[in-house]
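Just so we're clear, the structure is a prediction, and the values are computed from it rather than from any experiment. Whatever order the structure lists them in is the order used to number ligands and atoms, beginning at 1.
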Amino acid sequence: MTRHQVATHCPYCALQCGTELSERAGAVSVSPSSFPVNRGGLCRKGWTAPEVLGSADRLHEPQLRTGRGELAPVGWEEALDRIGSNLDEITAESGPDAVGVFGGGGLTNEKAYSLGKFARVALGSSRIDYNGRFCMAAAATAGNAAFGVDRGLPFPVTDLGDAEVILLAGGNPAETMPPLMQHLERARLVVVDPRRSATAERAELHLRPRPGTDLALALGLLHIAVTEGWHDSEYTARRTTGFERSWARAVTWWPERVERVTGVPVSAQRQAVRMLARARSSYVLTGRGSEQHGDGADTVSGFINLALVLGLPGTRGSGYGCLTGQGNGQGGREHGQKADQLPGYRSITDPRARAHVAEVWGVAEETLPGPGIPATRLLESAGTPGGIRALLVFGANPVLSAPHAGLARAQLSKLDLLVVADFLPSETTRMADVVLPVTQWAEEEGTMTNLEGRVLRRRALLPPPGSARSDLEVLRELASRLGQPESRFPSRPSTVFDELARASAGGPADYSGIDYERLDSGQALHWPCPKTPDEQASTPHPGTPRLFLESFAHPDGRARFAAVDWHGPAEDTNHEYPLVATTGRISGHYQTGEQTRRVAELATDEPESFVRLHPDTAARRGVHDGQLARVSSARGTTLARARLDGSIRPDTLFLPIHYGGSGCANLLTNPVLDPRSGIPEFKVAAVSISVAEEVRACHDS
Ligand SMILES: Nc1nc2c(c(=O)[nH]1)N[C@H]1C(S)=C(S)[C@@H](COP(=O)(O)OP(=O)(O)OC[C@H]3O[C@@H](n4cnc5c(=O)[nH]c(N)nc54)[C@H](O)[C@@H]3O)O[C@H]1N2
Ligand SMILES: Nc1nc2c(c(=O)[nH]1)N[C@H]1C(S)=C(S)[C@@H](COP(=O)(O)OP(=O)(O)OC[C@H]3O[C@@H](n4cnc5c(=O)[nH]c(N)nc54)[C@H](O)[C@@H]3O)O[C@H]1N2
Ligand code: SF4
Ligand SMILES: [Mo]
């Protein structure tokens, strides 16, 4: 009997737990490895990931929408030819910007890189963005502004194991990255969350702000730090600029005002600051709860200001970091699938970056388009004058994940051509004109970059099922139908990686000193890892596990305080919609749930959407525990099973994001975007709640 085994990583989140994957007589099993981030741990999603490989409805053949409106199987040639000719027509009639590309933070580095190149070179379109705009955009913008470079954790995860105090704002890793919790065991935790999450359960101090008020809280904590004498003025003088301007805003945020706005008692605010300031080793971390707001980047800046005033970033044993989300949420934001960006985390408006990348791509610099538009606006532009007429989606399910999902769906239905590459049917593939079946993690080679900027190898155990092809092969075939030489779009992952490394050389995220050979020999390489000159080839760059110890990445080497102020969420509660809905995750499902809802164990445990609400709120609205409830905002209504939770703020409802159909939480959310980063306001929507009609009818009878 043949037995195969490979060392690889979990397909899901940015922790990228190390795994051993093995196959025996067609059955695939997974076990955790002793990789440093997970040290032998996995969460339930990781344990059950192999089940998704063999899903009964796995996509095996391309599908094309027939004249009768149904998706029917076709051969690859027919599917690709159809896409090629439709794209040619649309571009000829409406110009290259009539074609959009929507990528994903789950794609390998090689795919993210090729997708960006495909959009700019093969399509000549500026209209590319990706689901990381929904995820990492606020932290990325604020991190770049403060430190001159954006790497989620500028230190290894294991450093957290020695921390004395960690303030975690808007993150729930006990559910979203369970194996990470072993590194937080020793620390005294301060958790900022409107509800008592599984992580807050483990905290010494839980601050429970009203959703959308984190920035006011961060300003207040800064105020206390300064007025109580914890300001590390030697550090701020030596390593930062801009303190005075940011203090000029924070000075009006005295603790009682902060309590009025956020609901966090003055005593708890003071305790949080004292815990952080008195510790020898302390960290400030943010997650999506603080970031997915119309003022998301300013909010992250507010928490970075707090960390700076306490002298934490860029010192050994202390720091600021953001917990990156998707499997390749870090690498996915470095290689050019972002609207404003070229590989190596370079700006698409920087003439030197354009010249360098154009040379690597073998095209003239002036043929590269300029910046595109953020993901939400890209989707909204579908079918509008001057907007996109065609969209190619790789690795996202925007029909469920975009804010105001009802509008996203309506706009996508106006497209002349929607192409979706996926390995499973999703609510987005169901709307597509052409569906392209692709290989999954265990069937492909590649690299991912985890939340600490470490580049990892994904390895293939299994052959592709049916006629599924890798995303890289799909891009090469499409590019050649658009007139590109095949050699310009290689599909061998290591060849793509070598090109990506050259394209990144000299950029902030420099991978030029990394190759498959070094990764396969087990070296822990965190970017930046530049190529050493040929004469020093025997001593390659060791990578950079810890950034900023000597200086920050701005030309003057200093970190920058940001002058930010709180103005509140875009949408206020009112008579009709008196409550705030926020959204987030549970441990057993991943993202829009297309993968984990196909795992029997996970689906049985959490089969349908629910809404957490305080018992007093429920009583006032006549909603009982376990009843189906109707939650409505100005944009739509979603149905969810009521779960009474005495730990949540009475003014707040919490809904998970993992369900489709009428249980989709994004039917409620507001498509307003943060002007700095383009991240949507996923964590605040004004809503009402009532018992769903059918249930009420049944009770009344
Ligand atoms: N099980 C599971 N794990 C995942 C994922 C998944 O879908 N499922 N997805 C991965 C991805 S892509 C990401 S981005 C990460 C996300 O990881 P997290 O950031 O941990 O996830 P969320 O649940 O979105 O938000 C965290 C917390 O923010 C709280 N919150 C809501 N509104 C506010 C607010 O206004 N202020 C504050 N301070 N807190 C608020 C919520 O109650 C929630 O407990 O998880 C990754 N890991
Ligand atoms: N209300 C609300 N909305 C949110 C959030 C929230 O907290 N609240 N969170 C936001 C965040 S942080 C995120 S990251 C997004 C996630 O939003 P999405 O990315 O849209 O959600 P996923 O379910 O991860 O969809 C990924 C799809 O890509 C497919 N896929 C996975 N790997 C590959 C691959 O290698 N190639 C191809 N071609 N396909 C692949 C999967 O099968 C799946 O169908 O949702 C955002 N939406
Ligand atoms: S924590 Fe993330 S990477 Fe680790 S097993 Fe769970 S989903 Fe996979
Ligand atoms: Mo995310």
Side-chain angles (χ1 to χ4, degrees), residues 9-19 30 32 35 37-38 41-49 104-106 131-137 139 152 167-181 191-200 206-215 217-218 262 264 285-293 295-296 299 303 322-329 332 401 441 448 450-451 456 569 580-593 595-596 602 606 612 647-649 652-658 665 679 681-684:
H9 296 268
C10 173
Y12 295 123
C13 85
L15 195 58
Q16 283 296 292
C17 294
T19 58
V30 69
F35 193 69
V37 300
N38 58 309
L42 283 185
C43 77
R44 357 184 12 206
K45 300 185 302 304
W47 280 112
T48 53
N131 67 15
R133 186 71 62 183
F134 299 160
C135 177
M136 302 317 307
L167 179 139
L168 181 52
N172 181 21
E175 295 208 64
T176 55
M177 295 187 180
L180 179 85
M181 294 308 284
V191 170
V192 183
D193 198 306
R195 66 194 180 102
R196 197 163 178 83
S197 65
T199 312
H206 174 201
L207 312 182
R208 224 169 41 141
R210 180 180 165 92
T213 64
D214 285 57
L215 178 52
L217 180 66
T262 65
V264 176
L285 303 177
T286 57
R288 299 310 82 74
S290 303
E291 298 167 7
Q292 290 168 326
H293 293 277
D295 62 359
T299 301
F303 283 108
C322 118
L323 297 174
T324 292
Q326 298 179 82
N328 199 25
S401 62
W441 57 289
M448 308 278 277
N450 77 355
L451 77 171
L456 309 169
V580 185
T582 189
T583 54
R585 291 156 171 82
I586 59 174
S587 68
H589 282 300
Y590 192 65
Q591 311 283 61
T592 61
Q595 295 167 81
T596 46
L602 303 178
E606 290 287 4
R612 283 191 181 279
S647 85
I648 194 166
R649 291 175 54 99
T652 302
L653 310 181
F654 174 88
L655 294 106
I657 63 168
H658 313 297
I679 203 169
E681 183 130 286
F682 283 130
K683 297 296 202 239
V684 178

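With hydrogens and angles disregarded, a donor-acceptor distance shorter than 3.5 Å links the side chain of Arg208 to the backbone of Ser647. Formation of a donor-acceptor pair under 3.5 Å by the Thr262 side chain with backbone atoms of Thr213 is not found in this model. In terms of modelled atom types and a separation under 3.5 Å, the side chain of His658 and the main chain of Ile586 share a donor-acceptor contact. Remark: the backbone N or O of Met448 is not paired with any side-chain donor or acceptor of Asn328 at under 3.5 angstrom.
Ligand 3 places these atoms under 4.0 Å from at least one heavy atom of Gly46: 5 (S). Listed by number with element, the atoms of ligand 3 under 4.0 angstrom from any heavy atom of Lys45 are 7 (S). Near Gln16, meaning under 4.0 Å from any of its heavy atoms, are these atoms of ligand 3: 3 (S). The contact set between ligand 1 and Gly325, taken as ligand atoms under 4.0 Å from a residue heavy atom, comprises 10 (C), 11 (C), 12 (S), 13 (C), 14 (S), 15 (C), 46 (C). Atoms of ligand 3 lying under 4.0 Å from any heavy atom of Cys10, numbered from 1 in the order shown and given with element: 3 (S), 5 (S), 7 (S), 8 (Fe). Close contacts of ligand 3 with Tyr12, meaning ligand atoms under 4.0 Å from a residue heavy atom, involve 7 (S). Each of the following atoms of ligand 1 lies closer than 4.0 Å to a heavy atom of Cys13: 46 (C), 47 (N). Applying the 4.0 Å criterion to heavy atoms of Lys45 picks out, from ligand 1, the atoms 1 (N), 2 (C), 3 (N). Taking every non-hydrogen atom of Gly212 and a distance limit under 4.0 Å, the qualifying atoms of ligand 1 come out as 35 (O). Close approach of ligand 1 to Ser290 (heavy-atom distance below 4.0 Å) involves ligand atoms 38 (N). Ligand 1 places these atoms under 4.0 Å from at least one heavy atom of Val192: 37 (C), 38 (N), 39 (N). Residue-ligand proximity, Arg195 to ligand 1, at heavy-atom distances under 4.0 Å covers atoms 41 (C), 42 (O), 43 (C), 44 (O). The contact set between ligand 1 and Ser587, taken as ligand atoms under 4.0 Å from a residue heavy atom, comprises 1 (N).
At a 4.0 Å heavy-atom cut-off, ligand 1 touches Thr582 through the side chain alone. Only the side chain of Phe654 comes within 4.0 Å of ligand 1, counting heavy atoms alone; its backbone N, CA, C and O stay farther away. Residue Ile586 touches ligand 1 through its backbone alone, judged by heavy-atom distances below 4.0 Å. Under 4.0 angstrom from ligand 1, the non-hydrogen atoms of His293 all belong to its side chain. For Pro179, every heavy-atom contact with ligand 3 shorter than 4.0 Å involves the side chain, none the backbone. The residue His9 has no part lying near ligand 3, judged by heavy-atom distances below 4.0 Å.
Coordination check, Cys17 versus atom 8 (Fe) of ligand 3: failed, since every N/O/S atom of the residue sits at 2.8 Å or beyond.
Put simply, part of His658 is less than 4.0 Å from ligand 1, judged by heavy atoms. Using 4.0 Å as the threshold, Leu42 has a heavy atom nearer than that to some atom of ligand 3. Residue contacts with ligand 1 do not include Leu323, since none of its heavy atoms lies under 4.0 Å from the ligand.
Within the model, atoms CG of Leu451 and CE of Met177 stand 5.5 Å from one another, a figure rounded to the nearest 0.5 Å. Here the CH2-SG distance, from Trp47 to Cys17, works out to 11.0 Å after rounding to the nearest 0.5 Å. Ile679 contributes atom CD1, which lies 5.0 Å from atom CD of Gln292 (distance to the nearest 0.5 angstrom). Note: Thr199 OG1 to His206 NE2 = 9.5 Å, rounded to the nearest 0.5 Å. Annotation: the span from Met181 atom CE to Asn172 atom CG amounts to 8.0 Å, rounded to 0.5 Å.
Counting protein heavy atoms only, atom 2 (Fe) of ligand 3 is closest to Cys13 SG, 2.3 Å. Nearest protein neighbour of atom 5 (S) of ligand 3, counting heavy atoms only, is Cys43 N, 3.4 Å.
Closest heavy-atom approach to atom 38 (N) of ligand 1 within the set Asp214, Thr262, Leu602, Leu285: this belongs to Asp214. Among Leu15, Thr176, Thr286, the residue whose heavy atom lies nearest to atom 17 (O) of ligand 1 is Thr176. The option from Asp193, Val191, Thr213 that lies nearest to atom 29 (C) of ligand 1, judged by heavy atoms, is Asp193. If you check each of Arg288, Arg210, His589 against atom 2 (C) of ligand 1, the one with the closest non-hydrogen atom is His589. The option from Arg585, Arg208, Met136 that lies nearest to atom 22 (P) of ligand 1, judged by heavy atoms, is Arg585.
Test Thr176, Leu168, Thr286 against Leu323 for side chain to side chain contact (heavy atoms under 4.5 Å, CB included) and you get one pass: Leu168.
In summary, the side chains of Gln591 and Asn131 do not present any donor paired with an acceptor at a separation below 3.5 Å, with no hydrogens or angles considered.
Closest non-hydrogen pair, Gly327 versus Tyr590, comes out as N-OH, 3.8 Å.
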